[in-house]
Amino acid sequence: MDLMLYNTLSRSKEKFIPLEPGKAGMYVCGPTVYDYAHIGNLRSYIFADLLRRVLEYNGYEVTHVMNITDVGHLVSDADEGEDKMAESARREKKTPWELAEFYTRDFMNSMELLNLKKPTIVCKATDHIREMIEFTQGLLEKGYAYRIEGQGIYFDVSKFPEYGKLSGNRLEDLQAGARVAVDERKRHPADFALWKDAPPEHIMQWPSPWGPGYPGWHIECSTMAMKYLGKQIDIHTGGIDHIPIHHENEIAQSEALTGKPWVRYWLHGEFLQVDGGKMSKSLNNFYTLATLQERNIEPLAFRYFCLNAHYRTPLNFTWDGIAAAQKSLERLRQGYNNLPDDGQPAPPQMLERFHRAINDDLNVPLALAYAWEAVRSPSPGAKALLDRFDAVLGLNLNAPQVAKELPPELARLLEERNQARAARNWAKADALRDELARRGVTVKDTKEGTVWEYNPPA
RNA sequence: GGCGGCAUAGCCAAGUGGUAAGGCAGAGGACUGCAAAUCCUUUAUCCCCAGUUCAAAUCUGGGUGCCGCCUCCA
């Protein structure tokens, strides 16, 4: 069955044909580790994870590369000033390396909580300074770059006629300096830094043929993607915000260097909005997984929330929405666990349908609806079917249910209530149930006896 | 000013020509000592206007609203 993917380059769905049969290489634009990852960032990586799982479902051997940007993001253009790493480091009184280490670990932890498969290769920008310098040298030699004394090495976009082919922007239409002053020594306002000269006080700096400095932002992705995936690669993903600048620049410098088309399929994830608008710290709606957990929302409920919408449409995060996702996940899980282990194979037509959905540019919401159907109207082999589905959905439906311990005191109250019920002393039984509820124990009397759920009050 | 995206029930959302998937919430029912949980049933003509077509949420044109990018940002 053909796998169709929406390619930003052509603005249409295209049949996926890898460079090498049976194998797929994907490069995922990773995080800049200067702060906690928020749920908007995480939506992007959930999308990348789904893509990877769908590729694997189709039998491809996937090489999944993700970078960690631990240097070089400028706070402002203007070619002055600190990068984000340095700024945060100063704020938190840590070295940039400590900072990167800390937030990288936090990010990896979030990935794990969301059941995101670990990339085949996770590469840090600071481990590839030499390669980035070589890349820059190559561009200088080919005449695609020039030096501004005291500033750095810049890519000359006017030498790359196809600049703008990904975003649809034309160089001449870009409103130069709309929000920020342009260095007049740049040949074109859209020219971007490959390498920046570092003032002596700049913490992160490396020796280079042009003196001490540090890499520009865009160069790392091109360099590392080429190092690990070759001069031409199958798939490159990122957030939609990266299309006009970051990815445009990556294309320019990469294709300028190799003279070949670089990425065959560009895939971009839409934004997560919060309450219909942008998420920002100033609006106090900047959420992380920890924020969700404080409100008793599991990380996997956020994954479910994202699965419910197509990756190319904006998704609106609301507390009502995430609560619905939490509830849905619990029910789906329960439905799965209630299915009999009948040892039957998954029904082929059902698998076929699912496969068709995910191969249609990752129509995971539809695939999820099929999962519900399997739970609500089970056919023989439903469990096996859901196991197959979950290889893509990644909701850990088959995770063992953890048996929680009830603190002795609460266990005693529960026992007392059971005795009261046996004695048909409903008033006492109900009073005890209320008491237990106050202390975080939800009691349910089923045919098989009384069961409980324990969520200690915060 | 330029470029791109979105607009479907109370909420989150699938669906690109043939009379609207799924989830949550709500309503009704079953079950229960009562509840909870669970199960069953049930809830929309698709932002507006004009057009193409036997037929449009789905195509075309024009509006309106929201989001993003043109500084760093998933």
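Residue numbers begin at 1 in each chain, while the letters A, B, ... track the order of the sequences. Below, all heavy atoms of this structure are taken into account, side chains as well, without hydrogens, waters or symmetry copies. Bear in mind the structure is a predicted one, so any value in this text is a computation, not a measurement.
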Engineer: Of A:A309 and A:H246, whose closest RNA chain B nucleotide lies nearer the 5' terminus?
Structural biologist: A:A309
Engineer: Using atom P of each nucleotide, how far apart are B:rG33 and B:rU19 to the nearest Å?
Structural biologist: 47 Å
Engineer: Rounding to the closest angstrom, what is the interatomic distance between B:rG15 and B:rU45 at atom C1'?
Structural biologist: 14 Å
Engineer: Does a distance-only test, which skips hydrogens and angles, find a donor-acceptor pair under 3.5 Å between the side chain of A:R11 and the base of B:rG4?
Structural biologist: no
Engineer: Determine the interatomic distance between C1' on B:rA56 and the same-named atom on B:rU8; round to the nearest Å.
Structural biologist: 14 Å
Engineer: Mind checking the P distance from B:rA7 to B:rA57? Whole angstroms is fine.
Structural biologist: 15 Å
Engineer: Using purine N1 to pyrimidine N3 plus N6-O4 or O6-N4 for Watson-Crick, or N1-O2 and O6-N3 for G-U wobble, both under 3.5 Å, which nucleotide pairs with B:rC72?
Structural biologist: none
Engineer: Would A:R312 pass as a cation-pi partner of A:Y6, given that its NZ or CZ must be under 6.0 Å from the six-membered ring centre and within 45 degrees of the axis?
Structural biologist: yes
Engineer: Using a cut-off of 4.0 Å on non-hydrogen atoms, how would the nucleic acid contact of A:V451 be classed: base, sugar-phosphate, or nothing?
Structural biologist: nothing
Engineer: Please check if the side chain of A:R53 supplies one atom and the backbone of A:A391 the other of a donor-acceptor pair under 3.5 Å.
Structural biologist: yes
Engineer: How would you label the contact of A:P365 with the nucleic acid (heavy atoms, under 4.0 Å): base, sugar-phosphate, or nothing?
Structural biologist: base
Engineer: Which value, rounded to the nearest 0.5 Å, describes the distance between A:L5 atom CG and A:K15 atom NZ?
Structural biologist: 12.0 Å
Engineer: Given B:rC39, is OP1 or OP2 found less than 4.0 Å from the side-chain N or O atoms of A:R376?
Structural biologist: yes
Engineer: A:W452 CH2 to B:rU38 C1': how many Å, rounded?
Structural biologist: 19 Å
Engineer: What nucleic acid atoms does A:L42 come within less than 4.0 Å of, heavy atoms only: base, sugar-phosphate, or nothing?
Structural biologist: nothing
Engineer: OH of A:Y311 versus C1' of B:rC6: gap in Å, rounded?
Structural biologist: 15 Å
Engineer: When both hydrogen-bonding distances must be under 3.5 Å and the geometry is Watson-Crick or G-U wobble, what is B:rC46 paired with, if anything?
Structural biologist: none
Engineer: Using a 4.0 Å heavy-atom cut-off, does A:R417 contact any base of the nucleic acid, only the sugar-phosphate backbone, or nothing at all?
Structural biologist: base
Engineer: Give A:W372 one of three labels, base, sugar-phosphate or nothing, depending on what nucleic acid heavy atoms sit under 4.0 Å from its own.
Structural biologist: sugar-phosphate
Engineer: Please state the C1' separation for the pair B:rA21 and B:rU58 - nearest whole angstrom.
Structural biologist: 15 Å
Engineer: Taking side chain to side chain donor-acceptor pair (under 3.5 Å) as the test, write out the residues that go with A:D106, two or more places apart.
Structural biologist: none
Engineer: Kindly determine whether A:R412 and A:E415 satisfy salt bridge (Lys or Arg N to Asp or Glu O under 4.0 Å), including the steps that lead there.
Structural biologist: CA-CA 5 Å; A:R412 207 159 45 240; A:E415 176 54 30; over 6 Å; no
Engineer: Checking all strands, does A:L315 fall into the base, sugar-phosphate, or nothing category for heavy-atom contacts under 4.0 angstrom?
Structural biologist: sugar-phosphate
Engineer: Reckon A:T32 has a side-chain N or O less than 4.0 Å from the OP1 or OP2 of B:rC72?
Structural biologist: no
Engineer: Distance check, C1' atoms only: B:rC48 and B:rC66, in whole angstrom units.
Structural biologist: 15 Å
Engineer: Using whole Å, what does the distance between atom C1' of nucleotide B:rG15 and atom CG of A:N308 come to?
Structural biologist: 14 Å
Engineer: Is it true that A:R52 and A:D49 have a side-chain N and a carboxylate O under 4.0 angstrom from each other?
Structural biologist: no
Engineer: What nucleic acid atoms does A:H38 come within less than 4.0 Å of, heavy atoms only: base, sugar-phosphate, or nothing?
Structural biologist: base
Engineer: With a 4.0 Å cutoff (strictly under), does any side-chain N or O of A:R331 reach OP1 or OP2 of B:rA25?
Structural biologist: yes
Engineer: Counting only side-chain N and O atoms of A:N41, is one of them less than 4.0 Å from OP1 or OP2 of B:rA74?
Structural biologist: yes
Engineer: Using the C1' atom on both, measure B:rA20 against B:rC46 and round to a whole Å.
Structural biologist: 8 Å
Engineer: With a non-hydrogen cut-off below 4.0 angstrom, is A:F47 in contact with a base, only sugar-phosphate, or nothing?
Structural biologist: nothing
Engineer: Would you check if A:Y36 and A:Y287 make a side-chain contact, meaning some heavy-atom pair closer than 4.5 Å?
Structural biologist: no
Engineer: Quick one: label A:F317 by what it contacts on the DNA or RNA (base, sugar-phosphate, nothing), any heavy atom closer than 4.0 Å.
Structural biologist: nothing
Engineer: Please report the interatomic distance CD(A:E220) to SG(A:C123), rounded to the nearest 0.5 Å.
Structural biologist: 8.5 Å
Engineer: Taking atom P of B:rA74 as reference, at what distance in whole Å does atom OH of A:Y27 sit?
Structural biologist: 13 Å
Engineer: Within the 4.0 Å heavy-atom criterion, would you say A:G168 contacts the bases, only the backbone, or no part of the nucleic acid?
Structural biologist: sugar-phosphate
Engineer: Want to settle it: does A:G30 or A:N316 sit nearer the 5' end of RNA chain B, counting the closest nucleotide to each?
Structural biologist: A:N316
Engineer: Quote, to the nearest angstrom, the C1' distance that separates B:rA50 from B:rU64.
Structural biologist: 15 Å
Engineer: May A:F271 be described as stacking on the base of B:rA74, applying a 5.5 Å centroid limit and a 30° limit on plane angle?
Structural biologist: yes
Engineer: In whole Å, what is the span from the OH atom of A:Y6 to the P atom of B:rU16?
Structural biologist: 14 Å
Engineer: Rounded to whole Å, please give me the gap between CG in A:L166 and C1' in B:rC70.
Structural biologist: 14 Å
Engineer: Hey, does A:N363 reach any base, or is it just sugar-phosphate, or nothing, if we go heavy atoms under 4.0 Å?
Structural biologist: sugar-phosphate
Engineer: Rounded to whole Å, how long is the line connecting atom CD1 of A:I240 with atom C1' of B:rC3?
Structural biologist: 11 Å
Engineer: Ignoring the backbone of A:Q334, work out which of B:rC24, B:rA35, B:rA37 is nearest its side chain.
Structural biologist: B:rA37
Engineer: Write down the distance between CG (A:N337) and P (B:rA37), rounded to a whole number of angstrom.
Structural biologist: 18 Å
